[in-house]
Chemist: 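For reference, the structure I am asking about is given below.
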Amino acid sequence: MMMSIQNSRGNETDDLRFQLLTWNVANTDPPGLHSIEELLGFDSNHLVDICAIGLQEIPTGVMQTARSFLQYDDWAKTLMHLLSLKGYYMVESIRMQGLSLSIFVLVKHLPFVRFIRTDLERTGFGGVWGNKGGVAISLWLYSRRICFLNTHLIPHRNHSHARVEQFKTIIDNITFGTSSSILSHDCVFWLGDLNFRISELPRADVLQSINEGRHIELLDFDQFKLEKAKEGILQEFHEADINFPPTYKFDIGTDTYDTSEKKRVPAWTDRILYREHPDYTTTVKDRKFVTTIPDTYICEENIKQSDHKPVKIQYDVTIVKRFDPLVEIAVIGKWTTHVEGKIEINLHCNFSHRYFDYIGLYQHPISDCRSYTSWIYMPNYDENQPEKLQYRLSFPRVEKAGTYVIGYYSEIQSCLLTISPSFTVVTSS
């Protein structure tokens, strides 16, 4: 039998490696798993701790949109399948028409990712249509409140200031409850197709600079940098140095910039930035909260599926780890098909469960909180036994042999608080 979980076992400071990727996929379907694996670039010996993937212009046909109300979109499902095989768990995925954002963490961090919330803001056609706007995910990671924001802003060269105003609208209107805004988080990661262009220069001059390897000189005409010099809200966000060529617009399937009738001027439309909360930057002066990993702000020039190139970056984020899980689960005895299983739930002394908390059975490796094969509710909280911390429960019969884990879902925190070690269900003789 497990002992009750006591108060803090200690804290330690650690750096977690984040990878962020943004890609406008130009209404195309996910490529094969091998291509996505190459895109993410994960080394199985050096996996990042957290991966955030923001996509724009995923397919929005009638059937795809209808299915998205009932299940994850095809891109999210493909990413979830691949990353679960690598040991990742999808914390959350949110979609607004062609805009999506998915967050993955290594399974070992799962018990310490809590209070997950999502929100979105439409800015297309005066705020009534979701073809443009922002989607966001808020969460606690150990001791840090972190927000991920994916935006797709208004296009065209002459709308530079309108993009800033759309961003302000998104910042003002996305909330996660009555007192939590995007800028109230300890750290905000902002990624997306921001659609800022290169001002003033003729297309021929821009192409000549790129062809001669002088594309860095074009950053003096980058609309985002020009707007940032004037706008205080943009000055709060930090971007690593850009060393790659403009990421838009290409003839699909080639490395050739747009030769269509429109002949778009190449631009760095696809960007990734971060913001630290001012309270943190003024009180913690001996070390940085977010550190950009050198030479990781890159575009994947070999990817030719879209008219945009994917852009990605890695950061180290300093967090204070708290080792106490709120719930622990033990699987009792051997499980066989068609026979009820037994589990023991052990609650932290400071954790009060709710009736709508549930316990789910998941195939191993677990991919997300919604893909359970069966589930049961936690028993009602017993006011006559307020100190009860351990529960022995019967679980419904499992119909199919295989390897499983059991997870505890908290209704108030909107997340799995823990999963059991994996175990095998064998076929009943």
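By convention here, the first residue in the shown sequence is residue 1. Remember, it's a predicted structure, so these values are computed and weren't measured experimentally.
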Chemist: Where do D49 and V105 land on the side chain to side chain contact (heavy atoms under 4.5 Å, CB included) test, with the steps shown first?
Modeler: CA-CA 6 Å; D49 295 282; V105 301; over 6 Å; no
Chemist: I want to check something: taking the side chain as every heavy atom from C-beta on, are I50 and F189 in contact at a cut-off of under 4.5 Å?
Modeler: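 Counting from C-beta outward, I50 and F189 never come under 4.5 Å.
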Chemist: Go through the structure and list residues passing side chain to side chain donor-acceptor pair (under 3.5 Å) with N195, not counting sequence neighbours.
Modeler: R197
Chemist: If we ignore hydrogens and angles and just use 3.5 Å, is the side chain of N346 paired with the main-chain N or O of Q390 as donor and acceptor?
Modeler: no
Chemist: Do the non-hydrogen side-chain atoms of K309 and D255 ever get within less than 4.5 Å of each other?
Modeler: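 Sidechains of D255 and K309: in contact.
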Chemist: Can you find a heavy atom in the side chain of T78 that is under 4.5 Å from one in the side chain of L33?
Modeler: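 Yes, their side chains come closer than 4.5 Å.
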Chemist: Does atom NE2 of H81 have more than 12 heavy-atom neighbours, drawn from other residues, nucleotides or ligands, at distances under 6.0 Å?
Modeler: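 Incorrect, the count does not exceed 12.
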Chemist: Mind checking whether I293 and R17 have side chains closer than 4.5 Å, heavy atoms only?
Modeler: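 In short, these two side chains touch, coming nearer than 4.5 Å.
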Chemist: Could you tell me which non-hydrogen atom of D73 sits nearest to which non-hydrogen atom of S100, and how far apart they are?
Modeler: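 Reported closest heavy-atom pair: OD2-CB, 4.3 Å.
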Chemist: Please give me the minimum heavy-atom distance between S199 and Q223, naming the atom from each residue.
Modeler: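 Answer, listing the atom of S199 first, then Q223: OG-CG, 2.9 Å.
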Chemist: Are the charged groups of R163 and E227 less than 4.0 angstrom apart, N to O?
Modeler: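 Salt bridge flag = no for E227 with R163.
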Chemist: Using only atom types and a distance under 3.5 Å, with no angle test, would you say the side chain of S143 pairs donor to acceptor with the backbone of V320?
Modeler: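 Here the side-chain-to-backbone pair exists.
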Chemist: Below 6.0 angstrom between ring centroids: does that apply to Y88 and F104?
Modeler: no
Chemist: If you define the side chain from C-beta out and look only at heavy atoms, does anything of D186 sit under 4.5 Å from I146?
Modeler: no
Chemist: Measure the acute angle between the ring planes of Y409 and Y358, then classify it against the limits of 30° and 60° as parallel, tilted or perpendicular.
Modeler: parallel
Chemist: Keeping the roles fixed (side chain from Q19, backbone from L47), state whether a donor-acceptor pair exists under 3.5 Å.
Modeler: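 No, Q19 side chain to L47 backbone: no donor-acceptor pair under 3.5 Å.
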Chemist: Counting only N and O atoms by type, is there a donor-acceptor contact under 3.5 Å from the side chain of R95 to the main-chain atoms of V135?
Modeler: no
Chemist: Between D251 and T259 (side chain of the first, backbone of the second, donor and acceptor by atom type, cut-off under 3.5 Å), is there such a pair?
Modeler: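 Side chain of D251 to backbone of T259: a pair is present.
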Chemist: May I have the step-by-step check of side chain to side chain contact (heavy atoms under 4.5 Å, CB included) for M378 and I359, ending in yes or no?
Modeler: CA-CA 7 Å; M378 270 293 287; I359 302 154; 3.6 Å; yes
Chemist: Should the heavy atoms of other residues, nucleotides or ligands under 6.0 Å from CG of N302 be counted, would the total exceed 12?
Modeler: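 No, not enclosed.
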Chemist: With a 4.0 Å cut-off, would you call R157 and E200 a salt bridge?
Modeler: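 Salt bridge absent between R157 and E200.
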Chemist: CG/L99 to NE2/H152 distance, rounded to the nearest 0.5 angstrom?
Modeler: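 Answer for the CG-NE2 pair, L99 versus H152, is 8.0 Å.
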Chemist: Let's go through Y257 and F250 carefully: what are the C-alpha distance in whole Å and the side-chain angles of both, what is the deciding distance for ring-ring contact (aromatic ring centres under 6.0 Å, His included) to 0.1 Å, and is it a yes or a no?
Modeler: CA-CA 4 Å; Y257 286 102; F250 293 88; 4.3 Å; yes
Chemist: ring-ring contact (aromatic ring centres under 6.0 Å, His included) with Y315: which of F18, F289, Y274?
Modeler: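 Single ring-ring contact (aromatic ring centres under 6.0 Å, His included) partner of Y315 among F18, F289, Y274: Y274.
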Chemist: Name the residue from K312, E239, Q314 that meets the side-chain hydrogen bond (donor to acceptor under 3.5 Å, both in side chains) definition with Y297.
Modeler: E239
Chemist: Within the distance-only criterion (no hydrogens, no angle test), does the side chain of E411 pair as donor or acceptor with the backbone N or O of R354 below 3.5 angstrom?
Modeler: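 Between the backbone of R354 and the side chain of E411 there is no qualifying donor-acceptor contact (under 3.5 Å).
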Chemist: Check D258 with K263, please: is the shortest side-chain N to carboxylate O separation under 4.0 Å?
Modeler: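 Salt bridge between K263 and D258, a charged N being under 4.0 Å from a carboxylate O: no.
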Chemist: By side chain to side chain contact (heavy atoms under 4.5 Å, CB included), which residues pair with S138, not counting sequence neighbours?
Modeler: R117, F176, H185
Chemist: So which atom in L139 and which in I116 form the shortest heavy-atom distance, rounded to 0.1 Å?
Modeler: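 Nearest heavy atoms, L139 then I116: CB-CG1, 4.2 Å.
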Chemist: Taking side chain to side chain donor-acceptor pair (under 3.5 Å) as the definition, give me every residue that meets it alongside Q413, ordered by chain and number, with sequence neighbours left out.
Modeler: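 For Q413, no residue satisfies side chain to side chain donor-acceptor pair (under 3.5 Å) once neighbours in sequence are set aside.
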Chemist: If only atom types and distance count, is the side chain of D119 paired as donor or acceptor with the main-chain N or O of A136 below 3.5 Å?
Modeler: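 Answer holds: no.
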Chemist: Do the non-hydrogen side-chain atoms of P155 and K132 ever get within less than 4.5 Å of each other?
Modeler: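 Yes. Closest side-chain heavy atoms under 4.5 Å.
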Chemist: I need the D193 CG to N24 CG distance, nearest 0.5 Å.
Modeler: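 With rounding to 0.5 Å, CG (D193) is 5.0 Å from CG (N24).
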Chemist: Between H353 and Y391, is there a side-chain heavy-atom distance shorter than 4.5 Å?
Modeler: yes
Chemist: With sequence neighbours left out, what residues match W268 under side chain to side chain donor-acceptor pair (under 3.5 Å)?
Modeler: none
Chemist: Does C415 reach the side chain of V91, with side-chain heavy atoms less than 4.5 Å apart?
Modeler: no
Chemist: Under a 3.5 Å cutoff, is there a donor and acceptor pairing between the side chains of E217 and S209?
Modeler: no
Chemist: Without swapping roles, check the side chain of H156 against the backbone of N158 for a donor-acceptor pair under 3.5 Å.
Modeler: no
Chemist: To the nearest 0.5 Å, how far apart are OG1 in T151 and CG in L120?
Modeler: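 The CG atom of L120 is 13.5 Å from OG1 of T151, to the nearest 0.5 Å.
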Chemist: List the residues meeting side chain to side chain donor-acceptor pair (under 3.5 Å) with S306, not counting sequence neighbours, and say none if there are none.
Modeler: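 Once residues adjacent in sequence are excluded, S306 has no partner under the side chain to side chain donor-acceptor pair (under 3.5 Å) criterion.
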Chemist: Mind listing the closest non-hydrogen atom pair of Y362 and L416 along with its distance?
Modeler: OH-CD2, 3.7 Å
Chemist: For H109 and Y89, test the side chains for any donor-to-acceptor distance below 3.5 angstrom and give the result as yes or no.
Modeler: no
Chemist: Do the side chain of W75 and the main chain of T28 share a donor and acceptor less than 3.5 angstrom apart?
Modeler: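 Judged by distance alone, yes, a pair lies under 3.5 Å.
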Chemist: How far apart are the closest heavy atoms of L207 and P266, and which atoms are they?
Modeler: CD2-CG, 3.8 Å
Chemist: Could you pull out all residues at least two apart from D220 that satisfy salt bridge (charged side-chain N to carboxylate O under 4.0 Å, His left out)?
Modeler: none
Chemist: State whether F237 and R271 meet the cation-pi test: NZ (Lys) or CZ (Arg) under 6.0 Å from the six-membered ring centroid, and within 45° of the perpendicular axis.
Modeler: no
Chemist: Please lay out, stage by stage, how S410 and R114 fare under the test side chain to side chain contact (heavy atoms under 4.5 Å, CB included).
Modeler: CA-CA 9 Å; S410 166; R114 303 172 184 170; over 6 Å; no
Chemist: Is the side chain of Q363 donor-acceptor paired with the backbone N or O of G402 at a distance under 3.5 Å, no angle test?
Modeler: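 No: the side chain of Q363 does not pair with the backbone of G402.
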Chemist: Going through the checks in order, is the side chain to side chain contact (heavy atoms under 4.5 Å, CB included) test met by I313 and L191?
Modeler: CA-CA 10 Å; I313 193 170; L191 65 162; over 6 Å; no
Chemist: Does the side chain of R370 come under 3.5 Å of the side chain of Y72 through a donor N or O and an acceptor N or O?
Modeler: yes
Chemist: State whether a side-chain donor-acceptor pair under 3.5 Å links D270 with T22.
Modeler: no
Chemist: What's the separation between atom NE2 in H215 and atom CD1 in I198, rounded to the nearest 0.5 Å?
Modeler: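 So the gap between those two atoms works out to 10.5 Å.
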Chemist: What distance separates L326 CG from D324 CG, expressed to the nearest 0.5 Å?
Modeler: 8.0 Å
Chemist: Please report the interatomic distance SG(C51) to CD1(I103), rounded to the nearest 0.5 Å.
Modeler: 8.0 Å
Chemist: If I compare all heavy atoms of N27 with all of P59, which pair ends up nearest, and what's the gap?
Modeler: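 Result for this residue pair: OD1-CA, 2.9 Å.
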